[in-house]
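All residue numbers in this chain count up from 1 along the given sequence.
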Amino acid sequence: MSAANPYILLGGEDGVRKLANAFYDVMDELPEARTIRNMHKENLDQVKEHLFMFLTGWFGGPPLYYEAKGTVCLTEPHRPYHIGPEERDQWLMCMDKALDRIGASDELKEMVREPFFQLADTVRNRDSSERPKLPDNVIAVG
């Protein structure tokens with residue numbers, strides 16, 4: 001295994017951007033990711049850019065997300081969304097497929113497997129993916 005960090009193994013900025021774009025392209029395409037896709041706006045350009053900035057710093061490159069946002073806290077922006085184990089696993093599935101799509105090396109995939117799980121599990125804010133059943137006289141909005 002090399003001493004290179006994920007940012008270097010991906011080829012720097014261009015590789016991280018390709019991964020961020022591939023991730024959201026996969027999410028947009030896969031019916032199995034519908035639950036997490038529905039948490040996003042129709043246009044994914046802004047969130048692709050945010051993921052690119054976050055991953056750049058997280059992978060060992062320049063801290064673009066921190067420079068733009070002043071923080072790298074991920075729990076707060078995800079708080080309004082119901083993220084349980086199923087949603088976490090959908091995110092991980094999309095990231096695995098995105099890594100495959102961009103031709104990431106086995107070394108990189110192994111290097112990020114556990115950290116990605118920890119990252120996705122940190123954003124999880126529910127113990128269950130089941131949504132509570134609303135009483136018959138309540139109408140869900142959104």
Apply side chain to side chain contact (heavy atoms under 4.5 Å, CB included) to Cys94 and Leu92, showing your working.
-> CA-CA 5 Å; Cys94 291; Leu92 290 166; over 6 Å; no
Lys41 and Val47, any side-chain heavy atoms less than 4.5 Å apart | no
So, Glu87 side chain and Ile36 main chain: donor-acceptor pair closer than 3.5 Å or not?
-> no
Can you give each donor-acceptor pair under 3.5 Å made by side-chain atoms of residues 50-66, sequence neighbours left out, with the distance rounded to 0.1 Å?
from  : atom 1 : to    : atom 2 : distance (Å)
His50 : NE2    : Lys69 : NZ     : 3.4
Thr56 : OG1    : Phe52 : O      : 2.7

Might you work through the side chain to side chain contact (heavy atoms under 4.5 Å, CB included) test for Phe116 and Leu99, ending with a clear yes or no?
-> CA-CA 12 Å; Phe116 268 145; Leu99 286 164; 4.2 Å; yes
Polar side-chain atom of Asn125 near backbone of Tyr81 as donor-acceptor pair, under 3.5 Å | yes
Review item, side-chain donor-acceptor pairs of residues 17-32, under 3.5 Å, at least two apart:
from  : atom 1 : to     : atom 2 : distance (Å)
Arg17 : NH1    : Glu49  : OE1    : 2.7
Asn21 : ND2    : Arg17  : O      : 3.4
Asp25 : OD1    : Lys48  : NZ     : 2.9
Asp28 : OD1    : Arg37  : NE     : 2.7
Asp28 : OD1    : Arg37  : NH2    : 3.4
Glu29 : OE1    : Arg101 : NH1    : 3.3
Glu29 : OE1    : Arg101 : NH2    : 2.7
Glu29 : OE2    : Arg101 : NH1    : 3.3

Please identify each residue that fulfils salt bridge (charged side-chain N to carboxylate O under 4.0 Å, His left out) with Arg34, with sequence neighbours left out.
-> none
Should Leu9 and Asn5 be marked as a side chain to side chain contact (heavy atoms under 4.5 Å, CB included) after you check the CA-CA gap, both sets of side-chain angles, and the distance that decides it?
-> CA-CA 6 Å; Leu9 289 174; Asn5 65 28; over 6 Å; no
Of all heavy-atom pairs linking Thr75 and Thr122, the shortest is CG2-O, 3.5 Å
Just jot down the salt bridge (charged side-chain N to carboxylate O under 4.0 Å, His left out) partners of Asp100, sequence neighbours excluded, or say none.
-> Lys109
Who else is in the cluster with Ile8 when I, L, V, M, F, W and Y are joined by side-chain contacts under 4.5 Å?
-> none
Who are the salt bridge (charged side-chain N to carboxylate O under 4.0 Å, His left out) partners of Glu76, not counting sequence neighbours?
-> Arg79
Are Met111 and Phe117 grouped together when hydrophobic residues (ILVMFWY) are joined by side-chain heavy atoms under 4.5 angstrom apart?
-> yes
Please check if atom CG in Asn38 has more than 12 non-hydrogen atoms from other residues, nucleotides or ligands closer than 6.0 Å.
-> yes
Hydrophobic cluster membership, Leu119 vs Ile83, 4.5 Å side-chain cutoff = yes
Between atom CE of Met93 and atom CG of Asp96, what is the distance when rounded to the nearest 0.5 Å?
-> 9.0 Å
Taking all heavy atoms of His40 and all of Leu44, pick out the closest pair and write down the distance.
-> CB-CD2, 3.8 Å
Crowded around Glu114 CD? As in, over 12 foreign heavy atoms under 6.0 Å?
-> yes
